[in-house]
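Order of appearance sets the numbers: ligands from 1, and atoms from 1 within every ligand. Below, each value reflects all heavy atoms present in this structure, side chains not excepted, and no hydrogens, waters or symmetry copies. Sequence positions, counted from 1, serve as the residue numbers for this chain.
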Amino acid sequence: MTFPKGFLWGGATAANQFEGGYDKGGRGLAVPDLKTAGSVDTPRRFTAKIEPDVYYPSHRAIDFYHHYKEDIKLFGEMNFNVFRMSIAWSRIFPQGDELEPNEAGLQFYEDVIDELIKNGMTPLITLSHFELPMGIVEKYNGFSDRRVIDLFVRYAETVMTRFKSKVTYWLTFNEMNFGAMDHGELTVLGLNPNDQTGIKGNEKVRFQALHNALVASAKVVKLGHEINPDFMIGCMICHITSYPLTPKPEDVLKRKEFDLLFTKFVGDVQVRGVYPSYMTSYLEKKDMFPIFESGDAEILKAGTVDMYTFSYYMTICITTDEAAKDTAGNLMGGKANPYLKASEWGWQVDPIGLEYTLLDLQDRYNLPMMVVENGLGFSDELTADFTVEDDYRIDYMRDHIKAMDAAIEKGVDLIGYTMWGPIDLISAGTGEMKKRYGFIYVDMNNDGTGSLKRSKKKSFDWYGRVVESNGEQL
Ligand code: BG6
């Protein structure tokens with residue numbers, strides 16, 4: 001195995017999917033607090049207000065808020081040396097636009113960060129993981145309002161300054177490229193779905209809001225480097241790796257366009273500091289090129305990222321043949337690949353695709369990289385002696401770790417791997433609990449009932465050995 005010494009091994013989470021304590025310590029409401037549970041067949045609902053007798057999974061989630069010491073100890077037992085988590089902006093600035101931060105929120109994260117460090121982990125913090133404060137949504141329509149740029153910068157400056165000697169690795173926005181899609185309008189950009197002024201589904205507004213968020217991200221990267229020049233700050237892209245379904249030139253071209261317009265565009269701006277020409281011409285043709293205020297171009301240039309990070313779960317095929325078979329996927333599906341099997345949730349499992357992706361990204365950017373999400377969601381069954389025989393998860397992860405190893409051997413500068421959901425948590429897509437990714441089983445049902453007891457699955461010891469041996473013992 002070729003994993004470099006000091007390779008970062010760990011797990012990844014997001015506050016709204018595992019923290020709970022949604023109204024504790026002065027925290028304000030965030031977007032996920034108004035999202036109901038759902039399933040593959042029943043999409044989650046976003047309600048304008050908290051409705052009585054409705055279950056909102058983020059409110060208690062798996063209650064890391066009250067279990068963090070126990071949970072971090074378990075991550076330490078698996079020898080994690082990195083842990084990815086997000087800070088909920090609304091715990092620090094409850095409405096998003098206060099002048100002074102909420103000390104209770106800062107103290108909570110300081111306690112968590114101290115506990116991580118005590119247990120041998122370096123924190124990797126996402127500043128915005130699909131959980132914008134509702135104040136930002138309702139008062140400003142999210143990033144469509146330029147004032148939100150400075151509100152985000154104020155929030156980032158507050159946490160980066162407070163934790164500057166304890167946290168080195170930062171990500172600005174989770175899966176920011178999703179902001180270019182209609183269903184990322186609320187999640188990434190905070191555009192209010194209940195707004196009556198016609199912004200919903202308005203692509204021009206969406207690309208302006210995405211531009212404003214890119215400016216905010218770049219400002220934060222620049223500022224972060226001033227706060228601590230050692231900070232490593234990354235973009236985080238939902239990398240939907242795709243293949244042409246056939247070698248037909250029309251399929252190859254269509255796939256290329258998808259890859260550029262959806263998968264590569266945002267990362268290109270964050271890495272290179274300019275809009276790529278393919279995007280400029282696409283947006284201009286549709287009369288949607290965003291307004292650049294004076295100084296924006298310079299900010300984008302000055303705030304380029306130090307590392308490229310991405311999520312990778314599955315791949316899709318692209319074709320001009322509308323009748324080809326569909327497949328599901330992370331945030332979006334595509335056409336099915338006849339050579340791949342799909343998971344229980346219909347996501348096509350493709351470890352070789354990860355090696356391909358790493359080579360592609362190394363070639364494109366030549367930056368240090370981290371795979372900050374990867375894993376298998378499965379409806380695990382707890383046995384009578386409180387474990388889960390999750391060999392399927394071990395197989396999935398072993399194959400993906402081998403793919404990373406092969407890519408490193410081919411010269412890829414991969415510095416870390418945080419698999420998704422080391423402890424079972426709420427699914428972002430469906431709001432379900434039964435879609436479990438963890439090495440640690442949490443006794444909780446889809447409706448939120450359950451004791452929350454934590455139990456180690458078979459994969460727990462397996463991953464502990466993988467990390468301890470720096471990828472040698474798979
Ligand atoms: C990514 C998100 O899109 O995929 C995570 O960053 C999410 O928040 C993960 O949980 C897996 O998706 P899901 O729908 O299975 O939770």
Item to check | W420 and Y313: CA distance, side-chain angles, deciding distance, ring pair (Phe, Tyr, Trp, His ring centres under 6.0 Å) verdict | outcome: CA-CA 9 Å; W420 177 251; Y313 293 89; 7.4 Å; no

Checklist entry - Is the closest N or O pair between A14 and ligand 1 shorter than 3.5 Å? => result no

Checklist entry - Nearest protein heavy-atom contact for atom 5 (C) of ligand 1: which residue, which atom, what distance? => result E373 OE1, 3.6 Å

Checklist entry - Is the backbone of G353 close enough, under 3.5 Å, to the side chain of T357 for a donor and an acceptor to pair up by distance? => result yes

Item to check | Atoms of ligand 1, numbered as shown, that sit under 4.0 Å from any heavy atom of S427 | outcome: 13 (P), 14 (O), 15 (O), 16 (O)

Item to check | Heteroatom distance test (Q17, ligand 1): nitrogen or oxygen, under 3.5 angstrom | outcome: yes

Checklist entry - Looking only at non-hydrogen atoms, which of F178, W347, F18, F130 approaches atom 12 (O) of ligand 1 most closely? => result W347

Checklist outcome for this item: For E131, the salt bridge (charged side-chain N to carboxylate O under 4.0 Å, His left out) test, sequence neighbours excluded, returns none

Checklist entry - Which of the numbered atoms in ligand 1 are below 4.0 angstrom from a heavy atom of Y313? => result 4 (O), 9 (C), 11 (C)

Checklist entry - Which ligand 1 atoms, with their elements, are less than 4.0 angstrom from a heavy-atom of N330? => result 1 (C), 3 (O), 4 (O), 12 (O)

Next on the checklist: Show the atoms of ligand 1 that are less than 4.0 angstrom away from any heavy atom in G429.
Outcome noted: 13 (P), 14 (O), 16 (O)

Item to check | Options A428, A12, C238, G431, ranked by nearest heavy atom to atom 16 (O) of ligand 1, top entry | outcome: A428

